[in-house]
Amino acid sequence: MTISTENQCNVKGEGHDDLSKIRRKHSKRTGHQVGNVSHCQKRLIALKIMYFGQRFYGFASEAHTEPTVESEIFKAIERARLLVGSREDSCYSRCGRTDKGVSATGQVISLYLRSNLKDAGENILGERSEIDYVSVLNRNLPRDIRVIGWCPVAADFLARFSCLGREYKYLFWKRALDVSKMQKAAFKFIGEHDFRNFCKMDAANVSNYKRYITDFNISACDQRSNHDELWSMNIRGSAFLWHQVRCMAAVLFFVGQGLESPCVVDSLLDITKTPRKPQYTMAPELPLILRSCLFDGVSFMCSSDASQALIEHLKDEHHQYMLQAAIFDEALTCLSIPEPNPLEHPKKKRKHIPLLSREAEPSYEERRARVKAKSANV
């Protein structure tokens, strides 16, 4: 692998450029740029990032809402004076765009950062004098974001397009769910399918809704609370659509409650039979985790000091959350459980309307027609 240590790049994030355009831009690197730090050697690296998404408005900072994970990362990079030139010069790329409230233990970004490397011919993997990117950035990041590894990468590396696969985990309490039926339905997602009925459709920018799921497993997490058991959906695939995991989870919960048959997945994946997505609420964002991103030839490094600091930090955070949980447990003990009143009529459960009988959203073709009509009127 040839590691890139060039001094300029003209990629301005990813936007909606296709891969070929980004690659062409990625190859134009000459001269120096004046920015946060000027006249410094820099190298293209990948950073592996962990964050807890409860307080963030998603990962990407393109919207006019703060805080986002991305905006906090760039603040830390600038405070540490690791950015050479501007963000637009950094060839920045993100692997995934997690939504508001979603967490990650293996998000990956790539960009050019300042380097101690003096000669591009040096054996940089064994260079002990290189900046400890993990330690430096973690000293400048908020407590709910941590860099957990870094790796030098080739000049044509882009975190988004170089990723071979992604893994998500969705946590849930079992309650009275029929997990065996949920697993039966989950197996139907495996393989290549058109997932337009399991996502939030972006007809203006996305025309291909086929995605490949390599594995979908539902398993117990060996953790209990209040006589309930924690389980997780573990989903692996090459790439995912907007809100795809949360939509799949929502339909599986209907199956687990006995409100839908596992065969409803077959019907929703058959776009000739179901060309329009039925209206349903997707599963909550808080239990969703982007667990890992898979790359070829990328091995993330972390110094022993940085690794120990990460472990101590996470242990401390865990203890703090355990204290909060203990306070809730104490509060529960202060409440008396009311005796059932035989004269009180139980509340009527909301009647479930079968998914295939619900009102449906516009089809992709109808959405595209609206987009074209708007463009023609501009």
message = Would Met248 and Met233 count as a side-chain contact (heavy atoms from CB on, under 4.5 Å) here? Give the steps.
response = CA-CA 10 Å; Met248 291 191 295; Met233 303 179 196; over 6 Å; no
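- Not a single donor-acceptor pair under 3.5 Å links the side chain of Asn217 to the backbone N or O of Asn234.
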ask   = Between Cys247 and Trp242, is a side-chain contact (heavy atoms from CB on, under 4.5 Å) present by the stated rule, with each step listed?
value = CA-CA 9 Å; Cys247 287; Trp242 192 11; over 6 Å; no
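- Checked by atom type and distance alone, the side chain of Arg196 never pairs as donor or acceptor with a backbone atom of Lys277 at under 3.5 Å.
- A salt bridge links Arg87 with Glu70: at least one charged nitrogen is closer than 4.0 Å to a carboxylate oxygen.
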task = Determine, step by step, whether Ser71 and Glu66 satisfy the side-chain hydrogen bond (donor to acceptor under 3.5 Å, both in side chains) criterion, reporting the C-alpha distance in whole Å, the side-chain angles of both residues, the deciding distance to 0.1 Å, and the verdict.
result = CA-CA 8 Å; Ser71 64; Glu66 292 289 340; 2.8 Å; yes
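- At least one side-chain heavy atom of Phe172 sits under 4.5 Å from a side-chain heavy atom of Trp231.
- The nearest pair of heavy atoms linking Asp89 to Val84 is CB-O, 4.4 Å.
- Within the 4.5 Å cutoff, the side chain of Ser232 has no heavy atoms near those of the Tyr168 side chain.
- Remark: the Ser303 side chain and the Asp132 side chain contain an N/O donor-acceptor pair separated by less than 3.5 Å.
- One side chain, Glu312 or Gln308, offers a donor N or O that lies under 3.5 Å from an acceptor on the other.
- Taking CG from Leu113 and CG from Leu47, the interatomic distance works out to 6.0 Å, rounded to the nearest 0.5 Å.
- Ionic pairing of Glu167 and Arg291 is present here: one or more N-O contacts between side-chain nitrogen and carboxylate oxygen are shorter than 4.0 angstrom.
- Taking the charged nitrogens against the carboxylate oxygens, Glu72 and Lys75 do have a contact shorter than 4.0 Å, which makes a salt bridge.
- Separation of atoms CZ (Phe187) and CD1 (Ile218) is listed at 8.5 Å; rounding is to 0.5 Å.
- Leu241 and Asn208 get closest at one heavy-atom pair: CD2-O, 4.2 Å.
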